[in-house]
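Here the structure is a predicted model, which is why all the values come from computation and not from measurement.
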Amino acid sequence: MFKSIGSWYFHQLQHRPIVTKSVSAALLVGAGDLLTQTIQHERHHELKFDFERTLKMASFGLFMVGPTLHLWYKFLDKYIAKKYPSGYIPTKKEKILNATRQMAVDQLGFSPFSLFQFLTYMGLIEGHSMSDVWIKLKKDLFPTLLVNWMVWPAVQLINFTIVPYHFRVLFVNAVSIFWNAYLSYVQHKK
């Protein structure tokens with residue numbers, strides 16, 4: 001069963017890469033929000049889910065994460081990753097240096113943008129004014145970025161070293177269930 005699902009998914013990645021990555025991102029961002037709500041409900045001893053909130057979080061995955069990561073990894077692969085002559089097998093050291101270069105550009109360039117994108121999108125889709133979004137950005141962007149830097153450099157080194165190119169967005173989205181749960185917490189904390 002898993003083999004047939006994997007084959008189907010790989011086929012979708014080959015023929016509809018942005019749509020496939022976007023739908024995957026929507027499902028996994030939504031799962032992260034449901035995880036956050038479950039933890040919050042256990043703390044408050046009530047079981048009531050805000051499915052509208054989950055749909056808004058999932059829409060961020062669908063419209064922002066999937067397409068943006070697809071294009072971002074294409075950029076990294078084309079302009080940042082070192083290219084080797086056909087038939088050349090890079091050494092372990094060369095692979096690690098290449099992955100480190102990609103991770104550094106990702107974390108110093110893309111991560112701040114991505115968190116800005118998340119806090120802005122979620123604030124606006126939840127009906128907050130731009131001035132409220134700006135206050136939230138000033139309050140939460142840098143502390144969230146610091147937490148990001150505790151998690152994502154190691155994940156991205158694995159991603160750029162081991163994970164095949166066409167599965168990178170899926171790998172990041174799978175790890176992101178927990179990251180999205182954290183972002184949902186940051187977005188919705190009172």
- Message: Counting only heavy atoms not in L146 (residues, nucleotides, ligands), do more than 12 fall under 6.0 Å from its CG?
- Response: yes
- Would you please classify the geometry between the F167 ring and the F10 ring as parallel, tilted or perpendicular, with 30° and 60° separating the classes? tilted
Notebook entry, point to check: Are there more than 12 heavy atoms of other residues, nucleotides or ligands under 6.0 Å from atom CZ of F142?
Noted result: no
**Request:** For the residue pair W72 and F75, categorise the inter-ring angle as parallel (less than 30°), tilted (30 to 60°) or perpendicular (more than 60°).
**Result:** parallel
Taking the side chain as every heavy atom from C-beta outward, state whether H188 and M57 have any atom pair closer than 4.5 Å. yes
Closest heavy-atom pair, V163 versus F171, reported as atoms and distance to 0.1 Å, is CG2-CG, 3.8 Å
Among the clusters formed by ILVMFWY side chains lying less than 4.5 Å apart, do V151 and L145 turn up in the same one? yes
**Request:** Consider only side-chain heavy atoms of I, L, V, M, F, W and Y, link residues closer than 4.5 Å, and tell whether I162 and L13 are in one cluster.
**Result:** yes
**Prompt:** Taking the side chain from R168 and the backbone from Y73, do they hold a donor-acceptor pair closer than 3.5 Å?
**Reply:** no
Looking only at heavy atoms, the pair that brings S184 and F118 closest together is N-CZ, 4.5 Å
- Query: Does any donor atom in the side chain of Q187 or Y121 lie under 3.5 Å from an acceptor atom in the other side chain?
  - Reply: no
Open item on the list: Tell me whether L157 shares a hydrophobic cluster with M150, the cluster being built from Ile, Leu, Val, Met, Phe, Trp, Tyr side chains joined at under 4.5 Å.
Closed with: yes
Has Y88 got more than 12 heavy atoms of other residues, nucleotides or ligands less than 6.0 Å from its OH?
yes
If hydrophobic clusters are built by linking Ile, Leu, Val, Met, Phe, Trp and Tyr wherever their side-chain heavy atoms come under 4.5 Å apart, do V172 and L108 end up in the same one?
yes
**Prompt:** Is the Y182 ring parallel, tilted or perpendicular to the Y185 ring (thresholds 30°, 60°)?
**Reply:** tilted
dist K93:NZ -> N98:CG (nearest 0.5 Å) comes out at 13.5 Å
N159 and Q102 side chains, donor-acceptor separation under 3.5 Å:
no
Do W179 and V147 come close enough that some side-chain heavy atom pair is under 4.5 Å? yes
Hey, does S4 have a side-chain heavy atom less than 4.5 Å from the side chain of Y9? no
Nearest heavy-atom contact between T144 and D140 is OG1-O, 2.6 Å
Rounded to the nearest 0.5 angstrom, the CG-CD distance for D50 and Q40 is 10.0 Å
Taken to the nearest 0.5 Å, the spacing of F60 CZ from L55 CG works out to 15.5 Å
| message | Between T54 and D33, do the side chains contain a donor N or O and an acceptor N or O under 3.5 Å apart? | response | yes
With side chain to side chain contact (heavy atoms under 4.5 Å, CB included) as the test, would you mind laying out the steps for V175 and W152 before giving the verdict?
CA-CA 9 Å; V175 174; W152 285 102; 3.8 Å; yes
Output for pair (T36 OG1, N180 CG), nearest 0.5 Å, gives 8.5 Å
- Message: Can you tell me if K189 has over 12 outside heavy atoms packed within less than 6.0 Å of its NZ?
- Response: yes
Output for pair (L137 CG, M130 CE), nearest 0.5 Å, gives 6.5 Å
Taken to the nearest 0.5 Å, the spacing of S24 OG from L69 CG works out to 11.5 Å
Looking at F178, I'd like to know if its CZ atom is crowded, meaning that more than 12 non-hydrogen atoms belonging to other residues, nucleotides or ligands lie closer than 6.0 Å.
no
From CA spacing to verdict: side chain to side chain contact (heavy atoms under 4.5 Å, CB included), V133, L124: CA-CA 7 Å; V133 169; L124 294 175; 4.0 Å; yes
Inset, instruction - Could you walk me through whether K74 and Y165 pass side chain to side chain contact (heavy atoms under 4.5 Å, CB included), step by step? - result: CA-CA 9 Å; K74 281 183 93 153; Y165 172 78; 2.7 Å; yes
* To do: Report yes if some heavy atom in the side chain of Q37 is under 4.5 Å from a heavy atom in the side chain of H41; otherwise report no.
  => yes
- Item | E94 side chain near L97 side chain, heavy-atom distance below 4.5 Å | no
Closest heavy-atom pair, P67 versus G61, reported as atoms and distance to 0.1 Å, is CD-O, 4.3 Å
Scanning both residues in full, the closest heavy-atom pair of A174 with L28 reads N-CD1, 3.8 Å
* Within-4.5 Å side-chain heavy-atom neighbours: V105 and Y79 -> no
Give a yes or no answer on whether the side chain of T20 reaches the backbone of Q12 with a donor-acceptor pair at less than 3.5 Å.
yes
What one should report as the nearest heavy-atom pair of Q156 and D106 is NE2-OD2, 3.0 Å
Is there a side chain to side chain contact (heavy atoms under 4.5 Å, CB included) between Q14 and H166? Walk through the geometry before answering. CA-CA 8 Å; Q14 298 299 313; H166 50 278; 4.2 Å; yes
Worksheet item: Do you reckon L34 sits in the same ILVMFWY cluster as V29, going by side-chain contacts under 4.5 Å, direct or chained?
Response: no
(Q) Using side-chain heavy atoms (C-beta onward) and a distance below 4.5 Å, is V65 in contact with N173? (A) yes
